[in-house]
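Read the structure below first, then the notes.
Remember, it's a predicted structure, so these values are computed and weren't measured experimentally.
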Amino acid sequence: MPLPASNFDQWPPKQLDNLLPAMARWGAWWANDLGRLQAVYGGGILNDGQGFFASDQGGIKVHSLGPVRWFIGQPATGAQQNTKLPVPMAAEICQASADLLFADPVTVTVGDQATQDRLETLLDDTFHSKMAEAAEMSAALGGSYLRVTWDDTLQPDGPFTTVKDADEAIPEFRFGVLTAVTFWAVIARNGKRVYRHLERHELGAVGNGVILHGLYEGEEDKLGVRIGLGFRQETASLANYMDLGLEGTIDTKSPGLAVQYVPNQTPNRLWRKDPIGKNLGRSDLDGIEHLLDQLSETMSDWMRARRAARARVFMAKELAKTMGPGQAAVVQLDQETYVETGMSGSSGEKPMSMADRVQVLQPAFEPVGYKETVDMLIEQILQMSGYSLSTFGVNQENRGDKTATEIEARERRSLMTRARKIRIWKPVLLAHVAKLLEVDRVFFAKPNKTTDLAVEFSDGVQESQLRLAQTVQALYAAESASVEERVSILHPDWDEQQISDEVARIRAEFAHPVPDPQMSPFDQPTDPGAADGNAGPVG
């Protein structure tokens with residue numbers, strides 16, 4: 001399916017009408033931007049099509065019950081200052097999701113040693129940073145795309161990974177498998193004219209990945225007419241690719257798409273009957289928008305109560321100092337002494353004292369109720385999004401209303417969510433790294449082989465060095481583990497060669513004899529360091 005020659009219909013296409021508004025809301029909460037939140041919630045009334053769509057068979061419209069009131073979307077009236085306070089809980093959740101997955105780099109191994117050496121070059125710190133970026137974006141928008149990219153002028157020594165947003169893509173699925181996708185991006189605006197770059201990934205006749213590029217001049221809500229890639233400098237470099245006789249068409253010359261979709265979590269509760277949405281992932285923010293809105297309202301009320309509780313000073317008019325005829329009168333708040341004037345408020349009244357002329361008002365402020373409400377909302381938000389309170393540094397040890405079993409279960413919640421996401425990420429990463437190696441082989445002449453390709457994530461919870469050392473000490477005292485086993489426990493991230501080298505250094509330093517397999521256990525040489533206590537448990 002080629003790119004359109006021109007398109008004056010609605011853009012983005014109508015099939016995304018049920019998807020993009022929800023992504024816009026999640027993106028606004030993720031950005032924690034008050035302006036964007038008020039824009040996507042339409043001044044406090046939300047009626048954007050959430051809950052209805054055209055069915056697969058009869059085109060029947062199923063409507064939601066009606067508009068919903070949103071605090072965050074209510075605009076400030078008149079000259080009133082906008083004091084709404086969005087709380088960055090959504091950003092915290094999405095970042096925590098990415099950190100749980102990619103705080104430590106993933107380990108990718110392959111059977112061929114030359115290919116393994118090449119992987120060490122391709123999968124550098126930039127690659128692992130891109131994985132964390134994709135994971136955070138996926139947690140916010142429900143999914144993200146990993147794209148194999150190569151550019152001789154930018155990085156001449158090999159391909160690299162780029163990340164594409166889920167809200168600027170038109171995916172096509174077959175039985176839940178991505179078969180094609182079209183990305184779009186606004187690259188320039190000139191008055192009412194909008195220039196968009198479209199990039200389509202699809203499979204060619206023999207199953208190789210093909211990439212098509214097109215530049216369009218249109219309007220804000222229309223794609224418009226296709227023009228040459230060289231018309232804009234942003235896409236001029238793509239005009240050099242003339243594969244298959246079509247401008248802007250690139251053949252990857254290797255099986256499979258050059259892009260992979262990573263769903264955040266499945267199944268999708270919101271779009272389970274939408275033709276496209278049912279194949280997309282579920283955002284970590286799905287279902288907690290109302291709680292985020294209530295949290296913002298509570299925090300806004302809390303701050304309003306704090307402002308209202310500020311101390312205020314009321315001073316008699318005669319204490320004000322005039323600045324001259326026609327000028328205002330001011331009060332010197334830093335003035336330390338005043339002269340008693342004996343003035344009274346009206347004829348025949350007792351003269352006012354200084355205490356009568358200066359009064360301080362200090363309203364009461366009780367933040368306890370606000371804090372309890374905020375804590376309850378945060379707890380509900382984290383539970384609904386699939387994370388434990390301990391992941392976010394919330395201490396529950398002193399909360400008497402929770403049992404030890406409940407606390408332990410909540411601490412496990414984040415690890416359960418992490419394990420669920422890892423099962424989704426692993427096959428996608430395998431396909432992406434395999435395509436990365438294939439593109440590297442075709443376009444950069446590297447003898448890569450993808451046999452026995454494997455991806456491993458680090459342990460979610462790692463024991464401290466002190467705990468590991470105590471475990472090793474206990475194993476040594478019980479004579480129940482060899483030196484090799486104790487070294488592997490103390491250094492779980494080491495490979496076999498590193499462990500062997502460390503064992504050799506330990507034996508050399510502490511004079512541990514190497515057992516002779518030809519001798520009986522009774523004739524083995526004794527350890528000279530064991531008698532005087534020099535033989536340590538590990539080294």
Side-chain angles (χ1 to χ4, degrees), residues 9-31 36-37 40-42 46-68 70 90 93-94 97 134-146 163-184 201 257 259-293 381 384-386 417 420-421 423-425 427-428:
D9 295 332
Q10 169 187 326
W11 191 268
K14 292 184 178 180
Q15 61 261 40
L16 302 181
D17 282 354
N18 195 44
L19 311 179
L20 294 182
M23 291 185 183
R25 293 193 297 271
W26 297 331
W29 284 115
W30 179 32
R36 289 178 59 182
L37 284 166
V40 297
Y41 283 105
L46 176 62
N47 192 10
D48 62 351
Q50 178 182 359
F52 73 87
F53 49 86
S55 68
D56 297 341
Q57 289 79 24
I60 301 173
K61 299 286 186 178
V62 182
H63 292 272
S64 58
L65 295 178
V68 181
W70 293 87
I93 290 170
C94 297
S97 174
E136 183 169 347
M137 186 182 299
S138 181
L141 303 181
S144 58
Y145 295 86
L146 303 179
V163 179
K164 295 295 291 182
D165 298 355
D167 55 355
E168 289 187 344
I170 310 171
E172 299 172 23
F173 295 92
R174 187 182 306 140
F175 299 108
V177 178
L178 184 70
T179 57
V181 61
T182 302
F183 300 116
W184 80 86
H201 292 253
L257 296 174
V259 62
Q260 291 78 34
Y261 177 70
V262 190
N264 181 53
Q265 291 191 71
T266 56
N268 196 303
R269 298 182 294 233
L270 185 62
W271 301 319
R272 62 188 181 87
K273 293 185 179 179
D274 186 276
I276 297 178
K278 65 183 180 182
N279 300 298
L280 301 179
R282 184 176 78 244
S283 169
D284 282 354
L285 311 181
D286 180 21
I288 65 171
E289 297 97 324
H290 277 291
L291 293 173
L292 291 171
D293 187 62
I381 287 170
M384 281 291 296
S385 56
T417 300
R420 187 172 187 171
K421 292 187 177 185
R423 289 192 293 270
I424 295 174
W425 269 90
V428 177

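- Residues that satisfy the salt bridge (charged side-chain N to carboxylate O under 4.0 Å, His left out) test with Asp167, not counting sequence neighbours, are absent from this structure.
- Summarising the geometry of Pro263 relative to Gly281, their closest heavy-atom pair is CB-CA, 3.7 Å, with the distance given to 0.1 Å.
- A distance of 7.0 Å separates CG in Leu270 from CG in Asn18, rounded to the nearest 0.5 Å.
- In this structure, Gly142 and Tyr261 approach most closely via the heavy-atom pair O-OH, 3.4 Å.
- A heavy-atom distance below 4.5 Å is found between the side chains of Leu280 and Met23.
- Scanning both residues, Leu178 and Pro171, for their nearest heavy atoms gives CD1-CB, 3.9 Å.
- Taking the six-membered ring where the residue is Trp, Trp70 and Tyr41 present tilted rings, their angle falling between 30° and 60°.
- Judged by distance alone, with hydrogens and angles left aside, the side-chain atoms of Arg269 form no donor-acceptor pair with the main-chain N or O of Gly287 at under 3.5 Å.
- In terms of heavy atoms, Ala134 sits closest to Ser144 at O-OG, 3.0 Å.
- The only member of Asp165, Val163, Val259 that meets side-chain contact (heavy atoms from CB on, under 4.5 Å) when paired with Tyr145 is Val259.
- Using a 4.5 Å heavy-atom threshold, the side chains of Thr417 and Gln265 count as touching.
- Take Arg423 and apply the side-chain contact (heavy atoms from CB on, under 4.5 Å) test, not counting sequence neighbours, and it matches Ala419, Arg420.
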(message) Between Ile93 and Ile288, is the side chain to side chain contact (heavy atoms under 4.5 Å, CB included) condition met? List the steps.
(response) CA-CA 11 Å; Ile93 290 170; Ile288 65 171; 4.0 Å; yes
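- The side-chain hydrogen bond (donor to acceptor under 3.5 Å, both in side chains) check on Glu168 picks up nothing, with sequence neighbours excluded.
- With a 4.5 Å cut-off on side-chain heavy atoms, Ser97 and Glu136 do not count as touching.
- Pro427 meets the side-chain contact (heavy atoms from CB on, under 4.5 Å) test with no other residue; sequence neighbours excluded.
- Side-chain atoms of Asp274 and Asn268, non-hydrogen and from C-beta on, never get closer than 4.5 Å to each other.
- Taking CD of Gln260 as the reference point, atom NZ of Lys164 lies at 14.5 Å (rounded to 0.5 Å).
- Note that the SG atom of Cys94 and the CH2 atom of Trp26 stand 11.0 Å from one another [nearest 0.5 Å].
- In this structure, CH2 in Trp271 is found 11.5 Å from CZ in Arg282, a value given to the nearest 0.5 Å.
- Contact between Asp284 and Lys421 at its shortest, heavy atoms only, is OD2-NZ, 2.9 Å.
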(message) With side chain to side chain contact (heavy atoms under 4.5 Å, CB included) as the criterion, how do Phe173 and Lys278 come out once you've worked through the C-alpha distance, each side chain's angles and the decisive distance to 0.1 Å?
(response) CA-CA 10 Å; Phe173 295 92; Lys278 65 183 180 182; over 6 Å; no
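- The minimum heavy-atom distance between Val262 and Trp425, with the atom names listed, is CG1-CE2, 3.4 Å.
- Looking at Ile170 and Pro13, their side chains come closer than 4.5 Å, going by heavy atoms from C-beta outward.
- To the nearest 0.5 Å, the span separating CH2 on Trp30 from CE on Met137 amounts to 5.0 Å.
- Between the Glu289 side chain and the Leu291 main chain, no donor and acceptor come within less than 3.5 Å of each other.
- His290 contributes atom NE2, which lies 11.0 Å from atom CE of Met384 (distance to the nearest 0.5 angstrom).
- With sequence neighbours excluded, the residues that form a side-chain contact (heavy atoms from CB on, under 4.5 Å) with Ala28 are Arg36, Leu37, Val40.
- Checked against side-chain contact (heavy atoms from CB on, under 4.5 Å), Arg174 has the following partners two or more places apart in sequence or in another chain: Thr179.
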